[in-house]
Amino acid sequence: MARKALIAANWKMYKTPVEAKAFVDAFLPLVAGHTRDEIALFPSPVLLPSVIFAAKGSNVAIGAQNIHFAEEGAYTGETSVGQLIAIGGTHTLIGHSERRQYFAETDEIVNKKLHTALKHKIVPIVCIGEVLAEREAGKTAEVLIMQINGAFAGITAEAAAPIVIAYEPVWAIGTGKTATPEMAADAHKIIRAEVAKLLGAPVAAAMRILYGGSVKPDNATSLLSQEEIDGALVGGASLKPDSFTAIVKY
Ligand code: 13P
């Protein structure tokens with residue numbers, strides 16, 4: 001089954017509103033008419049309104065790096081899915097390893113956020129991946145299977161269609177060390193097999209699994225030409241219009 005690739009930019013905690021607007025103004029003409037892949041940008045919350053406004057009507061979708069699982073409430077510093085929708089956001093990352101590592105996000109929280117995103121028709125990109133010690137201990141498959149089961153608890157096959165998974169080995173994030181295309185494809189196969197077990201083969205076959213972790217213009221083609229890799233979640237190399245464009249056009 002043909003899966004349309006999604007090339008996504010995770011800007012993390014970078015850029016001012018002026019810098020974000022300059023990126024969008026430079027980037028949109030570079031990817032105008034590019035229909036082979038879906039493109040999405042994930043800026044910080046404070047940048048979302050201006051980036052959404054600047055990208056309006058283009059082929060570039062905009063999403064949040066994080067949402068809260070509650071509809072609203074006394075959660076200082078958090079963003080609700082309703083707030084995201086109200087300003088025109090359509091996607092969200094969930095469970096990025098930096099959220100897990102620095103903000104104590106557990107599989108249970110990831111699961112709650114996934115339910116909330118699906119309920120409100122926000123496209124969720126669920127991030128999973130092993131840390132170096134887990135890979136070295138031969139536990140990669142075990143960790144991925146555990147994370148998938150945790151994230152997908154209570155998710156039905158009927159509801160699962162919008163879900164995108166991002167496999168981001170933590171040891172490859174921001175380190176310049178990339179999983180080889182074969183390593184990434186192997187992990188993606190494990191993930192897809194587990195999704196098939198939980199939600200059935202058709203859902204698994206249609207689900208996009210992105211790779212993230214030091215994706216750069218010079219390794220994008222070898223990674224993205226793997227049949228198992230359905231796109232990329234890009235950090236550092238997504239901060240400049242020319243390098244992100246080179247990845248989009250791999
Ligand atoms: P880098 O591309 O900077 O390694 O970041 C990957 C990432 O964490 C994307 O979510």
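The structure displayed is predicted, hence computed values, not measured ones. As the structure lists them, so they are numbered: ligands from 1, and atoms in each ligand from 1.
With hydrogens and angles disregarded, no donor-acceptor distance shorter than 3.5 Å links the side chain of N66 to the backbone of P45. Q226 places no side-chain N or O within 3.5 Å of a backbone atom of L223 that could act as its donor or acceptor partner. Here the side chain of W11 pairs a donor or acceptor atom with the backbone of S238 at under 3.5 angstrom. The main-chain N or O of T16 is found under 3.5 Å from a side-chain atom of E19 such that the two form a donor-acceptor pair. For S243 (side chain) and A237 (main-chain N/O), a donor-acceptor pair under 3.5 Å exists by modelled atom type. No side-chain donor-acceptor contact under 3.5 Å links K113 to the backbone of P124. H120 places no side-chain N or O within 3.5 Å of a backbone atom of I122 that could act as its donor or acceptor partner.
The N/O atoms of K12, backbone and side chain alike, include one that comes under 3.5 Å of an N/O atom in ligand 1. Distances between N or O atoms of G212 and those of ligand 1 include no value under 3.5 Å. On a distance-only criterion, G235 and ligand 1 share at least one N/O pair closer than 3.5 Å. Taking distance alone, with nitrogen or oxygen atoms compared against 3.5 Å, E98 stays at or beyond that limit from ligand 1. Considering backbone and side-chain atoms together, V234 places no N or O closer than 3.5 Å to any N or O of ligand 1.
At a heavy-atom distance under 4.0 Å, only side-chain atoms of N10, from C-beta outward, approach ligand 1. With a heavy-atom cut-off of 4.0 Å, A166 does not touch ligand 1 at all.
Applying the 4.0 Å criterion to heavy atoms of A172 picks out, from ligand 1, the atoms 4 (O). For ligand 1, the atoms lying closer than 4.0 Å to a non-hydrogen atom of G213 are 4 (O), 6 (C). Under a 4.0 Å criterion applied to the non-hydrogen atoms of G174, ligand 1 contributes the atoms 1 (P), 3 (O), 4 (O). Against a heavy-atom cut-off of under 4.0 Å, S214 is close to the following atoms of ligand 1: 1 (P), 2 (O), 4 (O).
Closest protein heavy atom to atom 3 (O) of ligand 1: G236 N, 2.8 Å. Nearest protein heavy-atom contact of atom 9 (C) of ligand 1 is E168 OE2, 2.9 Å.
Using a 4.0 Å cutoff on heavy atoms, A237 does not count as a contact of ligand 1. Between S238 and ligand 1 there is no heavy-atom distance shorter than 4.0 Å.
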Give the intermediate values and the outcome of salt bridge (Lys or Arg N to Asp or Glu O under 4.0 Å) for residues E130 and K139. CA-CA 8 Å; E130 81 287 359; K139 291 192 167 149; over 6 Å; no

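The side chain to side chain donor-acceptor pair (under 3.5 Å) test with D230 singles out one residue from R208, R3, H188, K4, and that residue is R3.
In the model, H96 has no side-chain atom that pairs as donor or acceptor with a side-chain atom of E105 under 3.5 Å.
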